[in-house]
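Heads up: the structure comes next, in structure tokens.
Read the numbers this way: they start at 1 and go in the same order the structure lists the ligands and their atoms. This one's a predicted model, so the numbers in the text were calculated from it and none came from an experiment.
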Amino acid sequence: MDNLQRENWTSRLGFILAAAGSAVGLGNIWRFPYVAGTNGGAAFLVLYLIAIVLIGYPVMVTEMTIGRKTQKNPVGAFKSLAPDAPWWLVGALGVFTGFVILSFYSVVGGWSMAYVVKAANGFIAGTDFGEVFVGHISGVGEPLLWHATFMFLTITIIGSGVVKGIQKAVEVLMPILFVLLLILVFRAITLPGAGEGLAFYLTPDFSQITGQTFLEAIGQSFFTLSLGMGAIITYGSYLSDDDNINDNAAYVAGFDTLIAILAGFAIFPAVFALGFSPDAGPGLVFTILPAVFAEMPLGTIFGFLFFLLLTISAITSAISLLEVVVAYVVDEHQWNRKKAAWLAGIIIFIVGIPPLLGYSTLAEVNFLGMDILDTYDWISGNIFLPLGGLLTAVFAGYAWGARETVEEANKVKGAISVGAIYSFLIKYLVPIAIFIVLVTGVWETIAG
Ligand code: TRP
């Protein structure tokens, strides 16, 4: 299986689904609602959508293009396009970021797994689900076991080859997740008192916006689209020369955004209808949805299916994070794929232990008022990913050259062809906007 690496996706749909599998995950269903909830709701939604179109889409096209062109992992890709300049450091930053993100992603994936079991036992109406959630995460043994299980599954899939298994699994599971979300949306918006939640989600109050809101919106757009650390370069490297890029990127970004928007519709009406507060933070979906399931006909089945699919969508994202690290050591250092997956996976598991203990043994440890998991999330999601995206855009716009990038992206004709607007975005708007937002957002966070 050592050559799996340079295998190509066996079908166009396979690639779209694998990339969508990477994109759709905890970022859509866990992170998006709580970040939107703590950043003003509708005003955040607007900024997030703008960020997806003007920043996320062009960066996604750029990453896919670099990957398809070079057929390499992120470090190797930058090296081969710019052999004489240290652009490979951007790839190295990506590999490092992948370590950090996966380490806490797996902890949250573990929460989701624990909730599969809780859901199967039934959520009982009248329970204080906030307390249940805190009770779970402030344990040590159980969360640790689920974190280990989550990493084990991720390592096993990556170690033994991913293309067909993932292509097949995602093809079946994504539609189910989609239908289930629609059912939940229907349930949430028909709850008595849902209107207030819809207003929070859909009526923007722009006075809520600060530099931090922009930073969160850009960070979320990168996180949710799996951008800024070479995951899409890596997946793009398994594309062959006759695969279209611009349309594929639009499908992936569009589908991912749709899922996030639906997650918001499933959650905010319920938050208000059930008397919760939208700015509850990372526990939001784990406390709101069980309360909804508890009251809903067939709630046990829906709850079980929901957390199962959330877990699976988390795993299809996690494998893309581990794949970046593994592709790097296999390509550049000729490691055996299995060994690479295991070694990287074990280190990532260990790096994930501090954020896991941040709700128990290490509860005292704080950084700018954030617990350890939030800190990992904030630094990787709001700093490293946007920085990686900025540097990738500068690379494509100037070092490799906008003209070459455009030509390569348009090589296979489809419905969309990129041109002057795309060049403008990657040369000017993306780097400048990210730069300004990074500086002001970080400043405000540190100062405030
Ligand atoms: N996009 C995934 C989600 O929304 C997480 C993810 C997978 C990711 N691969 C990534 C985030 C690469 C950043 C970079 O859950």
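In this pair, F32 and Y201 present their aromatic rings perpendicular. The plane angle is above 60°, beyond the 30 to 60° band. Ring geometry for F395 versus F78: interplanar angle over 60°, hence perpendicular rather than tilted (30 to 60°). Between Y238 and Y235, the ring-plane angle classifies as tilted under the 30° and 60° cut-offs.
In summary, the atoms of ligand 1 found under 4.0 Å from a heavy atom of L385, numbered by their order in the structure, are 13 (C). Close approach to G27 involves these atoms of ligand 1, each under 4.0 Å from a residue heavy atom: 3 (C), 4 (O), 15 (O). Residue T224 approaches ligand 1 through these ligand atoms, each under 4.0 Å from one of its heavy atoms: 1 (N), 4 (O). Near M229, meaning under 4.0 Å from any of its heavy atoms, are these atoms of ligand 1: 12 (C), 14 (C).
Under the ring-ring contact (aromatic ring centres under 6.0 Å, His included) rule, W111 has a single partner from W146, F150, F133, which is F133.
Ligand 1 has an N or O atom lying under 3.5 Å from an N or O atom of L26, backbone or side chain. The N/O atoms of V24, backbone and side chain alike, include none that comes under 3.5 Å of an N/O atom in ligand 1.
For the pair L153/M113, a side-chain contact is recorded, criterion being any heavy-atom separation below 4.5 Å from C-beta on. Side-chain atoms of F123 and Y115, non-hydrogen and from C-beta on, do get closer than 4.5 Å to each other.
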- Candidate pair T405 and T65, rule side chain to side chain donor-acceptor pair (under 3.5 Å), full reasoning: CA-CA 7 Å; T405 313; T65 306; over 6 Å; no
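If you check which protein heavy atom lies closest to atom 9 (N) of ligand 1, you get S320 OG, 3.0 Å. Counting protein heavy atoms only, atom 2 (C) of ligand 1 is closest to S22 O, 3.1 Å. Protein heavy atom in closest approach to atom 6 (C) of ligand 1: S226 OG, 3.5 Å. Looking from atom 15 (O) of ligand 1 to the surrounding protein, the closest heavy atom is Y105 OH, 2.5 Å. With hydrogens left out, the protein atom closest to atom 4 (O) of ligand 1 is A23 O, 2.9 Å, a heavy atom.
The option from F32, W30, F223 that lies nearest to atom 11 (C) of ligand 1, judged by heavy atoms, is F223.
Judged by the 6.0 Å and 45° rule, K339 forms no cation-pi pair with W342.
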